[in-house]
Amino acid sequence: MGIIKAANLIFDYIKRDEEDNVEEVNRAIDHLSLDIKKGDFVAILGHNGSGKSTFAKQLNGLLLPTEGTVWISDMNTQDDSLIWEIRKKTGMVFQNPDNQIIGNIVEEDVGFGPENIGVPTDEIWKRVDESLKAVGMTAYRKQSPNKLSGGQKQRVAIAGVMAMRPQCIVLDEPTAMLDPNGRREVIRTVRELNQKEGVTVVLITHYMEEVIHADRVIVMDEGKVVMDGTPREIFSRVEELKQYRLDVPQVTELAYELKQAGVPLPDGVLTREELIDALMNVFEKKRLEWRQDGN
Amino acid sequence: MGIKAVNLNYIYGQGTAFEQYALKDVNFEIQDGEFIGLIGHTGSGKSTLIQHLNGLLKATSGEIYVNGENIYSPGYNMKALRSKVGLVFQYPEHQLFEVDVFSDVCFGPKNQGLPKEEIERRAREALSLVGLDESYYSQSPFELSGGQKRRVAIAGVLAMEPQVLILDEPTAGLDPRGRDEILDQIDRLHRERGMTIILVSHSMEDVAKYADRLLVMNHGEKLFDGPPKEVFKHYKELEQVGLAAPQITYIVQDLRSRGIDIDDNITTIAEAKEAILALLSGKEKT
């Protein structure tokens, strides 16, 4: 069994009138079953309102199932006595860095989590050092978070989560408010944590480019998993993705468009290098043909 | 409606130890009916700049001319300026507050003191411009999807009938389809109504697709000013200031470095597709 497991998960947002009678029920998650392996980098895609964020909030007990079960490392999120253990295991990072930073200086902010759970002082500093190093922010430890760029703030927020020594980090659109450089910084940091520290990553995003290095891509629609596979498998299904209001990376789109126009290219091209190599092959073959025609 | 900025400076905490230039000697002129993409890293001065253009912030020094009139001259009608230059902030849906969509859109023109029929005419028109039909009028704005809420908020600004529309990252947090819908609608306002658009964006792909001209800000200064194709040729300098070129630009550069004679002006998928197909169909250029 994986580090995250959901079985037949249902979650309803229930609206009540003044007398507490149920007025409206909105099913955000609909019979979702999922198993995420320890150490995997999993990306979740889906349009606004598809249930991604609701699902993310199930992963550390911010929301609890209406029906079905979620286990984090074999711990049922509905078991009250385990909730703090579960929150130590899965850390969350949200969209707006300004809502997540509370310390006056960077190192204080990173130490806030472990301090709250009563970690001894020496150990807190050790964790602060390690976490800042892991996100490449050691040089800024004495600075005010106000003076940082969006990408740097978001890395501090990630360091704050890392200081809790989680096994899993859930990031809900961490780059939506960042400039291109900030986006690159954050994604690079998350990939490194996954590869070097072995942290399981669940990344929710609307930027298709950020997904190409994931081990697994899950597409959600109306609270269900509708596609599940490697980035290459998922991004080969261009038309299907568009039906779910999604997109493919620009590189993939160009390759797809060219293929539709008759250029012999493989399906699901993900990176610039792949596209260039494939196109150069096509150009080489054309050159040969033309040379033969010329003779 | 033309806007001209002359030697614009904006200094935070002037005279204190924290003195910092948010805008430094910024000059530009925007012609009536242009579609401008305003790009720059976080903290480069984009948001500060646009708040000057409708008088929400007053420059420490320098002048702004709107339709040839200096907005800092005594007696200038700032209130009229704000209905001429409509500003859609980041996450404008956080500013929705009325009980239903229609009342929310009416709020702006109502405050302008217009007659009821005119207010309602404008609200209807603004909502149709953003693609929301009558079935939405009586819904609570808080029960709509993210993209729909944002369209209601944009309609609220459009109902003021501005001549210039400034949008600060209107697509942040929207799914790809929602993003395309909003940008297509803005583009239609530009083409069909001749509205001047200033689009602040972190997506190089979006500004490459829609803008006629880019203004690039860096640390409060204007770094580049020109058509997207010209600006993105400086992709190495753009990377140094925290930006990038659209992915397509990199593909074109890679092909060129491998000896393919493809036009280095290309910034969009459609252009790249056409150029590659043309190269594959004729042998003269390869």
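The chains referred to below are lettered A, B, ... by the order of the sequence lines, with proteins before strands, and numbering in each begins at 1.
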Pick from B:G173, B:P246, B:S203 with the largest number of heavy-atom pairs that fall under 4.5 Å of chain A: B:G173
B:K273 bridged to A:E257 by N-O distance under 4.0 Å: yes
Chain B contact via A:E284 - side chain, backbone, both or neither, heavy atoms under 4.5 Å: neither
Whether over 12 other heavy atoms sit under 6.0 Å from B:Q185 CD: yes
Heavy-atom proximity to chain B below 4.5 Å, by part of A:L45: neither
Best-contacting candidate, A:R245, A:H206, A:E253, against chain B by heavy atom pairs under 4.5 angstrom: A:R245
Portion of A:L246 that has a non-hydrogen atom of chain B nearer than 4.5 angstrom: both
Pi-cation contact, B:F35 with B:R213 (under 6.0 Å, within 45°): no
Which atoms of A:L254 approach chain B - backbone, side chain, both or neither, heavy atom under 4.5 Å: both
Side-chain ion pair, B:E93 and B:K149, N-O less than 4.0 Å: no
Interface moiety of A:Q95 toward chain B, non-hydrogen atoms closer than 4.5 Å: side chain
Choice from B:R179, B:E205, B:E181, B:R177 maximising heavy atom contacts with chain A below 4.5 Å: B:R177
Flag if over 12 foreign heavy atoms under 6.0 Å of OH, A:Y140: no
Geometric cation-pi criterion A:K259 and A:Y256, 6.0 Å radius, 45° cone: no
Partner of A:V22 under side-chain contact (heavy atoms from CB on, under 4.5 Å), chosen from A:I14, A:D12, A:D17: A:I14
Pairs of heavy atoms under 4.5 Å with chain B: top-ranked of A:K286, A:H47, A:R272: A:R272
Aromatic ring pairing B:H94/B:Y91, orientation class (parallel under 30°, perpendicular over 60°, tilted between): parallel
Region of A:V263 in contact with chain B, defined by heavy-atom distances below 4.5 Å: side chain
Segment of A:E173 engaging chain B (4.5 angstrom heavy-atom cut-off): side chain
Toward chain B, the part of A:K15 with a non-hydrogen atom under 4.5 Å: side chain
Top contributor to chain A interface from B:L238, B:L255, B:I276, B:L174 [non-hydrogen pairs under 4.5 Å]: B:L174
Parallel, tilted or perpendicular: ring planes of B:Y10 versus B:H52, cut at 30 and 60 degrees: perpendicular
Under 4.5 Å from any heavy atom of chain A - which part of B:E271: neither
Portion of A:M177 that has a non-hydrogen atom of chain B nearer than 4.5 angstrom: both
When A:E209, A:R184, A:M208 are compared by non-hydrogen pairs under 4.5 Å with chain B, the top option: A:E209
A:E274 side-chain N/O to A:L270 backbone N/O, donor-acceptor pair under 3.5 Å: yes
